[in-house]
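See structure below.
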Amino acid sequence: MGELGAFLKIERHNVSYRDAQERLTDYEEFLVERPQEVLAEQGARCMECGVPFCHNGCPLGNLIPDWNDLVYLDRYADAIKQLHATNNFPEFTGRLCPAPCEAACVLEIREGDAVTIKQIENAIIDRAWEEGWVQPEPPEESALTGRTVAVVGAGPAGLAAAQQLRRAGHDVTLFERDEAAGGLVRFGVPDFKIEKHVVERRVQQLVDEGVELRCGVDVGVDITVDQLRDEFEAVVLATGSRVPRDLPVPGRELTGVHPAMDYLYVRNRAVATAQSAEGDEVGTGEITAKGKHVVVIGGGDTGADCVGNSLREGAASVTQLELLPEPPQHRNDERTPWPQWPQKFRLSYAQEEGRATEKSEAAFSVITTRFEGTAEGGVRALVVADAEPAPPFGPVEGSEREIKADLVLLAMGFLHPEPKLLDALELAKDQRGNVKAGAYATSVDGVFAAGDCRRGQSLIVWAINEGRQAARMADRFLHRIGHEEARSAVLSGNVSAQDEGPEGPPLHTSGGMPAGA
């Protein structure tokens with residue numbers, strides 16, 4: 001462990017953000033990295049528990065106590081080996097993951113006192129890129145199998161699967177229907193949370209390792225399912241969960257009411273266009289919040305990103321509505337005891353910005369009953385009511401009122417993957433419409449599924465874990481059909497020679513599967 005008893009002497013230093021009003025003037029990342037000395041102190045607080053619950057809290061099974069200690073010792077080159085052992089893209093998770101590992105930290109028994117795992121992780125990978133320690137790792141010539149595999153969808157799950165399969169020696173082609181790889185990390189999450197060069201350098205690493213990237217190709221349209229199966233011996237689907245939950249109330253057809261992701265795609269493309277034009281002002285695009293009264297329906301991360309973008313565009317006002325009651329300020333041990341993820345109020349970065357400008361507010365327990373329109377067919381207002389505190393959260397009689405709105409963004413989550421490709425492949429689906437693939441293998445031989453299209457809308461850490469695990473299963477299949485050694489070359493944890501830590505790592509696997517099984 002780090003410093004004996006440091007958790008008793010050193011206070012937790014939370015992640016630091018740029019000033020709320022200052023960051024609203026640009027689209028640059030608002031995360032501020034702390035000095036190495038401070039990070040070393042935070043790493044010293046880790047007790048390296050006999051039973052590290054943080055491992056269980058992390059879907060990737062990250063070796064958190066190991067690299068906490070290495071940061072304390074200023075051994076970043078060793079720390080990145082441990083971090084990469086279980087996580088292909090720690091700069092994604094270090095910026096975007098809500099950190100269930102911190103909720104499971106033993107120090108979090110005293111609420112708010114967990115080790116700052118997320119910012120330590122982010123510091124390790126940022127230092128690794130700066131020092132040039134992150135390099136392409138193509139397979140050795142002797143390890144090439146000649147087996148072909150297609151990965152459909154270049155979000156975190158697809159990128160992880162493609163990288164693992166290529167490093168195992170297979171010929172990997174990664175298909176993406178958008179113009180660039182990254183999935184929602186590239187097109188759904190704003191630049192001020194993760195700048196896109198962070199995504200692009202990882203994509204370039206995959207290309208340098210030998211992954212063939214085909215962007216702008218819609219599988220099932222530009223290439224048929226029959227062509228896909230004829231050209232590739234295995235297929236990994238990582239298409240995400242992209243069918244949004246709609247709001248079927250009167251007036252839904254009015255112009256100006258959009259799914260949140262339609263707006264976020266427009267904003268990310270507008271920012272990218274401005275950056276490619278070397279500093280030109282960010283344009284508005286076909287969906288814009290500039291000068292409008294915006295209402296965002298949904299209180300999650302996607303809703304927060306809509307609020308943050310709207311404020312940066314110069315919206316007249318932004319109102320964020322949440323159907324559920326406001327959660328308590330502190331963890332309720334009867335409902336979500338440690339080490340579970342606590343249900344409690346968290347002020348989003350976007351609402352912090354809204355408070356700083358007095359242009360945004362949030363309301364809980366609000367249900368929308370209908371949209372009111374203008375004579376031209378555009379939305380002008382929402383009619384809302386207080387919601388009952390328990391399901392089905394019906395409207396409270398006599399509480400109806402209007403909220404002015406020129407733009408309404410529906411950020412209520414996603415239902416399931418788009419069914420067209422799944423149906424063309426004749427894949428079995430579960431009751432929710434996701435691909436039915438219990439151990440990542442679907443009902444069709446040689447086709448595997450990973451990420452949100454298999455488990456439903458979830459966290460980025462789950463996406464990366466799913467991509468790694470699906471790659472293991474696809475690799476096992478490819479070895480079997482090639483009559484080669486049955487032992488999988490794609491490992492889920494910190495067990496291969498290239499991942500050795502400074503004093504020899506513990507054997508570790510994630511996902512409950514024995515290594516190399």
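Please read all numbers here as calculations on a predicted model, not as lab measurements. FYI, side chains are in, hydrogens and waters are out, and symmetry mates aren't considered; it's all heavy atoms of this structure.
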On the ring face of [Y], is [X] found with NZ or CZ under 6.0 Å from the centre and within 45° of the axis?
X      : Y      : answer
Arg269 : Phe187 : yes
Arg23  : Phe30  : yes
Arg202 : Phe89  : no

**Asked** For Lys292, what residues pass the side-chain contact (heavy atoms from CB on, under 4.5 Å) criterion, not counting sequence neighbours?
**Response** Thr288, Val294, Asp406, Leu407
**Asked** Is the side chain of Glu102 donor-acceptor paired with the backbone N or O of Lys118 at a distance under 3.5 Å, no angle test?
**Response** yes
Is there a donor in the side chain of [X] and an acceptor in the side chain of [Y], or the other way round, less than 3.5 Å apart?
X      : Y      : answer
Gln164 : Asn88  : yes
Gln119 : Thr116 : yes
Glu418 : Thr239 : no
Gln82  : Asp66  : yes

In this structure, are over 12 heavy atoms from other groups packed under 6.0 Å from [X] atom [atom1]?
X      : atom1 : result
Arg335 : CZ    : no
Glu253 : CD    : yes
Arg110 : CZ    : no
His330 : NE2   : no
Lys344 : NZ    : yes
Asp126 : CG    : yes

**Request:** Could you tell me the separation between the CG atom of Asn87 and the CD1 atom of Ile464, rounded to the nearest 0.5 Å?
**Result:**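 The CD1 atom of Ile464 is 4.5 Å from CG of Asn87, to the nearest 0.5 Å.
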**Asked** Applying the side-chain contact (heavy atoms from CB on, under 4.5 Å) test to Asp191, which of Lys196, Arg312, His197 qualifies?
**Response**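 For Asp191, the side-chain contact (heavy atoms from CB on, under 4.5 Å) check succeeds only for Lys196.
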**Request:** Answer yes when Lys193 and Asp301 have at least one side-chain N-carboxylate O distance shorter than 4.0 Å, and no when they do not.
**Result:** no
